[in-house]
Amino acid sequence: MLYIGIDLGTSACKLLLVDEAGQVQNTVTKEYPLSFPRPGWSEQDPAHWWNAALEGIPALLEGFEAGQVQGIGCGGQMHGLVALDERDNVLRPAILWNDGRTAKEVDYLNETVGRDKLSSYTANIAFAGFTAPKLLWMRENEPALFAKIEKIMLPKDYLVYRLTGVHATDYSDASGMLLLDVAHKCWSKEMCDICGVTENQLAKLYESWEPVGTLLPDVSKALGLPESVVVCAGAGDNAAAAVGTGTVGQGGCNISLGTSGTIFISSGKFGVDPTNALHAFAHADGGYHLMGCMLSAASCNKWWQDEVIGATDYKGEEAAILPEKLGNNRVYFLPYLMGERSPINDTNARGAFLGMTMDTTRADMLQAVLEGVAFAIRDSFEVARSLGVRIPRSNICGGGSKSVLWKKMVANVLGIPLDTVATEQGPGYGGAVLAMVATGLFPTVQAACAALVSVAGTVEPDPELTARYEARYRQFQKIYPACKSLFPQIQ
């Protein structure tokens, strides 16, 4: 038996073919463009996602028996607003998770409606990336299009809809819309009223592993798959990645160094951060999780190497960072290239270098970028600690985790061991695991993870280096507060 896992990312769709033992048999990646119509805006055409699946799945199946495929599961970028009309046509390009246009709407929700009310309705406050502020922005700035909205969907749910014809979403992804009553796992009537939408415009809610439907006849033919293939609801990318690393049940932790950066703490019980600096979301295993999300993580490294210095050899650039410089770099970097979410929630925040001198090298600047991301992850880690959450170790995944140097930095900035799992394929692998549960191969997500996920390696922190990074982090903490009032002035 075979299963397809889909990771619908921001820059590419990665497809995995996984057998019943959890072994990845094949992978295919289809890239697509990202649009920045104005500074701080981020959009994408949902047609690119669907075309990636149409082209990618047949390529994935080359050399394999398509009739062996039992199920499909998707993990996808969260929060994006996909608006469909009465004929299910896309009304406008999707407004993505890292779009920062909704500062006015976020202020209205947090300050006028009020943080306490939002938290009581949804367990969260408003952040620029969330879907509800995007709806308010669209109502104000594109009223004619807003009036035509028949269905409000998330990116991976649009893919599920194209596969099955069903308007569905799962609790983990819906948690990031600011429209879901996370504690009770139902749509919030209060938030629907605030945003001027109805529950009928929202998708039907499912647990991540629940079957949504099977392939539409024309889709079955186009993909070369049986119509009987089961498609499950799937999960938001971070919840799917957590499943893929076995971060399920009580007390697990996963750090993702993808385009965005996250710290994901799983729990069997619902709980809310009183400061709302961390998100309180449903998990793909049926439980809940706390999550801190920074908007630019591995994308900071890509920006520096691709756009600024024009590097083509990432490992070669890292090799110039000498071991003795770790914890001793005088240059700091604020990784707020798209504004920032957790824990500062500031759409005006921007990237910044500090501390350069005439002897600053190219390697120092790269080191500052990598360390700045690690320090920003530590910011959310500190919030979790302040809540009494104990995090003795964590999994780590994402493209940035392929860098041994970067993992070493993060392990020592946090002062905990970081485990890498044997099959590190992020949300796509989590999607395949969910598909296995949907088709009955495993009774629960936890049982599937116990059988399929194992640790392949661990990066241990070094006490001396951890102490040096502790001092550097305390300096890093002072930079954003000192710059905060300047950022709105330079927009």
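None of the values given here were measured: they were computed from a predicted structure.
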Original post:
Is V197 close to I149 at the side-chain level, that is, under 4.5 Å between some pair of heavy atoms?
Top reply: no
**OP:** List the steps and the verdict of side-chain contact (heavy atoms from CB on, under 4.5 Å) for L223 and V229.
**Re:** CA-CA 11 Å; L223 298 179; V229 170; over 6 Å; no
Original post:
If you measure from CG on N110 to CD1 on I125, what distance do you get to the nearest 0.5 Å?
Top reply: 4.5 Å
**OP:** Determine the minimum heavy-atom distance between A233 and Y206, stating which atoms define it.
**Re:** CB-CB, 3.6 Å
Subject >> Candidate pair T198 and Q201, rule side-chain contact (heavy atoms from CB on, under 4.5 Å), full reasoning >> reply: CA-CA 5 Å; T198 67; Q201 290 174 284; 3.5 Å; yes
Original post:
Are any of the side-chain heavy atoms of S266 and V248 separated by less than 4.5 Å?
Top reply: no
**OP:** Name the orientation class of the two ring planes belonging to H48 and Y32 (parallel below 30°, tilted from 30 to 60°, perpendicular beyond 60°).
**Re:** parallel
Original post:
Does a salt bridge link D346 with K484, judged by any charged N lying under 4.0 Å from a carboxylate O?
Top reply: no
**OP:** Run through V219, I4, L163 and flag the one making a side-chain contact (heavy atoms from CB on, under 4.5 Å) with L225.
**Re:** I4
Subject >> Side-chain heavy atoms of L202 within contact of C192, under 4.5 Å >> reply: yes
Which pairs would a plain distance check flag for residues 282-301, meaning a side-chain donor or acceptor within less than 3.5 Å of a matching protein atom at least two apart in sequence or in another chain?
residue	atom	partner	partner atom	Å
H283	NE2	T247	O	2.9
D285	OD1	G287	N	2.8
D285	OD2	G249	N	2.8
Y288	OH	A183	O	3.4
H289	ND1	A282	O	3.2
S299	OG	T259	O	2.9
S299	OG	A297	N	3.4
N301	OD1	Q305	NE2	3.1

Subject >> Side-chain donor/acceptor of S208 to backbone N/O of G234, under 3.5 Å >> reply: yes
**OP:** Starting at CD1 of I194, measure out to CG of L179 and round the result to the nearest 0.5 Å.
**Re:** 9.5 Å
Original post:
Do F281 and L180 have side chains that get closer than 4.5 Å, going by heavy atoms?
Top reply: no
Subject >> From CG (N238) to CD1 (I255), nearest 0.5 Å >> reply: 12.0 Å
Subject >> Verdict with reasoning, E190 to K117, per side-chain contact (heavy atoms from CB on, under 4.5 Å) >> reply: CA-CA 9 Å; E190 294 86 353; K117 283 187 177 179; over 6 Å; no
**OP:** Specify the closest pair of heavy atoms between N395 and T245, including all atoms of both residues, with the distance to one decimal.
**Re:** ND2-O, 3.1 Å
Original post:
What is the minimum heavy-atom distance between E65 and L2, and which atoms define it?
Top reply: O-CD1, 4.0 Å
Original post:
OG1/T102 to CG/L81 distance, rounded to the nearest 0.5 angstrom?
Top reply: 11.0 Å
Original post:
Are more than 12 heavy atoms from other residues, nucleotides or ligands located less than 6.0 Å from atom CD of Q25?
Top reply: yes
**OP:** Flag yes if more than 12 heavy atoms outside Q250 fall under 6.0 Å of its CD atom; otherwise flag no.
**Re:** yes
**OP:** Return the minimal non-hydrogen interatomic distance between W137 and R101, and the atom names on each side.
**Re:** CH2-NH1, 3.2 Å
**OP:** Could you list all the ring-ring contact (aromatic ring centres under 6.0 Å, His included) pairs where at least one residue sits in residues 53-101, not counting sequence neighbours?
**Re:** H79-F130
**OP:** Run the salt-bridge test on K156 and D237 with the 4.0 Å N-O cut-off and return the result as yes or no.
**Re:** no
Original post:
Considering all heavy atoms of both residues, which atom of S175 and which atom of Y171 are nearest to each other, and what is their separation?
Top reply: OG-O, 2.6 Å
**OP:** For the residue pair W49 and Y158, categorise the inter-ring angle as parallel (less than 30°), tilted (30 to 60°) or perpendicular (more than 60°).
**Re:** perpendicular
**OP:** Kindly compute the distance separating OG1 (T131) from CG (L136), expressed to the nearest 0.5 Å.
**Re:** 11.0 Å
Subject >> Crowding at NZ, K302 (>12 non-hydrogen neighbours, <6.0 Å) >> reply: no
**OP:** Taking atom CG of D116 as the centre, report whether more than 12 heavy atoms of other residues, nucleotides or ligands fall under 6.0 Å from it.
**Re:** no
Subject >> Donor-acceptor side-chain pairing of S172 and D170 below 3.5 angstrom >> reply: yes
**OP:** Please examine the side chains of Q425 and V18, heavy atoms only from C-beta on, and report whether any two atoms are closer than 4.5 Å.
**Re:** no
Subject >> Note, I72 side chain near I6 side chain (heavy atom, < 4.5 Å) >> reply: yes
Subject >> Donor-acceptor under 3.5 Å (T439 side chain, M436 main chain) >> reply: yes
Original post:
For residues 143-155, which residue pairs qualify under salt bridge (charged side-chain N to carboxylate O under 4.0 Å, His left out), counting only residues two or more places apart or in two chains?
Top reply: none
**OP:** Test F127 against V106 for side-chain contact (heavy atoms from CB on, under 4.5 Å), laying out the working first.
**Re:** CA-CA 6 Å; F127 288 80; V106 168; 5.8 Å; no
